[in-house]
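Down below is the structure, laid out as structure tokens.
These values consider heavy atoms only, across backbone and side chains, with no hydrogens, waters or symmetry-generated copies. Sequence lines set the chain letters: A, B, ... in the order given, protein chains first and strands last, and positions in each chain run from 1.
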Number of protein chains: 2
Amino acid sequence: MTRDQIRDADGVALYRHEAIAAVLQVRRVDDVERLTVLLSRRRDEPFAGLFALPSGAVETGEALDAAVLRHLAAKVDVSGVTHLEQLGTRSDPGRDPAQRTIATSYLGLVPTSSDPALPERARWEPVDALPALAFDHGIVVAEAVERLRAKLSYTNLGFALMPTEFTIAELREVYVAALGHDVAPTNLQRVLTRRGQLVPTGELSRAGTRGGRPARRFRFAEASLIVTDPFAVLRPEG
Amino acid sequence: MTRDQIRDADGVALYRHEAIAAVLQVRRVDDVERLTVLLSRRRDEPFAGLFALPSGAVETGEALDAAVLRHLAAKVDVSGVTHLEQLGTRSDPGRDPAQRTIATSYLGLVPTSSDPALPERARWEPVDALPALAFDHGIVVAEAVERLRAKLSYTNLGFALMPTEFTIAELREVYVAALGHDVAPTNLQRVLTRRGQLVPTGELSRAGTRGGRPARRFRFAEASLIVTDPFAVLRPEG
DNA sequence: ACAAAAGTGTTTGCCGTACACCCATGG
DNA sequence: CCATGGGTGTACGGCAAACACTTTTGT
């Protein structure tokens, strides 16, 4: 704890500050689409050998979101990250047993179409079967998943998980994996269409080898976060 | 910027970290209920003479929420703060012109029944007619108001703005002030009752001096935050 | 009796789920 | 022509807003 005592010229305590990235992607694991998170096995103490989220210190003159992207770039092609938003800041003095560190976590999303090469120690792991994680990173993953699931319900955040064009069946598979429960394709299309999120491209997919009607292709109307279903109850309609 | 260069023994950059409190309360101003925020006029540079939110540095071994409450205690009786939640962390290197400071903001709520004595430099100011604020505190207030308005729609957060017992008319006045638009008392009662938030105490208020039927008194069923109307669309009903 | 304030009943419309049925393609 | 997968139409239920109407008090 002696390291915490470092102060500036005014006597104000100074802290390490780091950025943590919980990057989620729907990936095919054992022939099933699963919601996964990018992890990296730690080389050094503390928690050497355990999996952890990509994270690292904020540099001089650098904003937090820039720091997340910089540390993320060491693990994955950041041009594939279609959405990034702040989750929260964790400050429990004991969260890093080595030294006092305040950490701000971010949720990142990568579309199914992207499959970037990973360095040796990094892997995508399904969020519903995680190993023990270093620090409080398990909680951060849980917060990231919760945020994603909530926003899939009242925003157009699905765009960040999908390629630019897709069929309803493909969209459904991603929603099922991300939400963790079944979704009826009929209702998925209706809800997202009514909210103006889905636009048909006019093109059709080829039918599969076992036959069936060719599926229409769609894209999301907007490629950035929009609240499409604001939960404003008690608002007069006039 | 030279102060930013302070590093620990491992060469990791160190930062000032402060906690900011946006404490909101519905108060009667000029005979109308208004949503107000607690401000304090700054004594020192930078931004000397401007209003700012209560804020201050995090101490050694102190978590962020403890730091907010500690700095808040200097301005207001914190036992009146019925709800406190983190909003976000601001890290723009230029947000404090004097030195690099990372700041985490909180939303605090105080019920109408509380009217704590304030120190000389502190005041409650209506959020829809704010003067220019120091630093990025204007944005923090806007985020606090937005969070409150959203959560009034899908949680029981109203409990934090109200005394333990109240009539529907009193509740309506607070909702109107907090939401910034009219609310029909009939529908307010129905919505909150259906969600299980409101419980009648069985007692009645005295009728006003100009007559009228005496109002039933209610209380909130829970005195801590609960999501009563989760926005989970696309969930199968079975 | 009348005004004032509170509370109840009813109507309307939207939204989301479920389910039955129709369409287009490959074998 | 049948299996397979995609798409459309319809019915049901719940929730919230609006509004008319009834109840209870003070003057």
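Between A:Glu85 and A:Arg147 there is a salt bridge, since at least one side-chain N of the basic residue sits less than 4.0 Å from a carboxylate O of the acidic one. With respect to B:Arg216 and B:Glu165, no salt bridge is recorded, no charged nitrogen being found less than 4.0 Å from a carboxylate O. Using a cut-off of 4.0 Å between Lys/Arg side-chain N and Asp/Glu carboxylate O, A:Glu173 and A:Arg28 are scored as salt-bridged.
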Got a list of protein N/O to nucleotides 12-15 of chain D N/O distances below 3.5 Å?
none

Name the pairs: protein N/O against N/O of nucleotides 10-13 of chain C, kept only if under 3.5 Å.
| from | atom 1 | to | atom 2 | distance (Å) |
| --- | --- | --- | --- | --- |
| C:dT10 | O4 | B:Arg190 | NH2 | 3.2 |

Are there any protein N/O atoms within less than 3.5 Å of an N/O atom in nucleotides 1-4 of chain D, and if so, which ones and at what distance?
| from | atom 1 | to | atom 2 | distance (Å) |
| --- | --- | --- | --- | --- |
| D:dT4 | O2 | A:Gly212 | N | 3.0 |

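Heavy-atom nearest nucleotides on DNA chain C were determined for B:Pro236 and for B:Pro214, and the one closer to the 5' end corresponds to B:Pro214. Nearest-nucleotide assignment on DNA chain C puts the 5′-proximal partner with B:Ala169, out of A:Asn187 and B:Ala169.
Checked by atom type, the side-chain pair A:Thr167/A:Ser205 shows no donor-acceptor distance below 3.5 Å.
The phosphate of D:dG6 has neither OP1 nor OP2 within less than 4.0 Å of any side-chain N or O from A:Arg172. Side-chain N/O atoms of A:Arg206 include one lying less than 4.0 angstrom from OP1 or OP2 on C:dG26.
For the pairing with A:Tyr106, the side-chain contact (heavy atoms from CB on, under 4.5 Å) check across A:Leu69, A:Leu87, A:Asp65, A:Val140 returns one residue only, A:Asp65.
Taking the side chain as every heavy atom from C-beta outward, A:Val127 and A:Leu24 approach each other to under 4.5 Å. The side-chain heavy atoms of A:Leu35 and A:Leu148, taken from C-beta on, include a pair separated by under 4.5 Å. Taking the side chain as every heavy atom from C-beta outward, B:Val23 and B:Trp124 approach each other to under 4.5 Å. Residues A:Thr228 and A:Tyr154 have side chains not in contact (no heavy-atom distance under 4.5 Å, counting atoms from C-beta outward).
As judged by a 4.0 angstrom heavy-atom cut-off over every strand, A:Thr167 is placed among residues making no nucleic acid contact.
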Residues A:Leu109, A:Leu84; criterion side-chain contact (heavy atoms from CB on, under 4.5 Å); working and verdict: CA-CA 7 Å; A:Leu109 297 177; A:Leu84 190 69; over 6 Å; no
Stepwise side-chain contact (heavy atoms from CB on, under 4.5 Å) test for A:Val76 and A:Leu72: CA-CA 6 Å; A:Val76 73; A:Leu72 215 44; 4.0 Å; yes
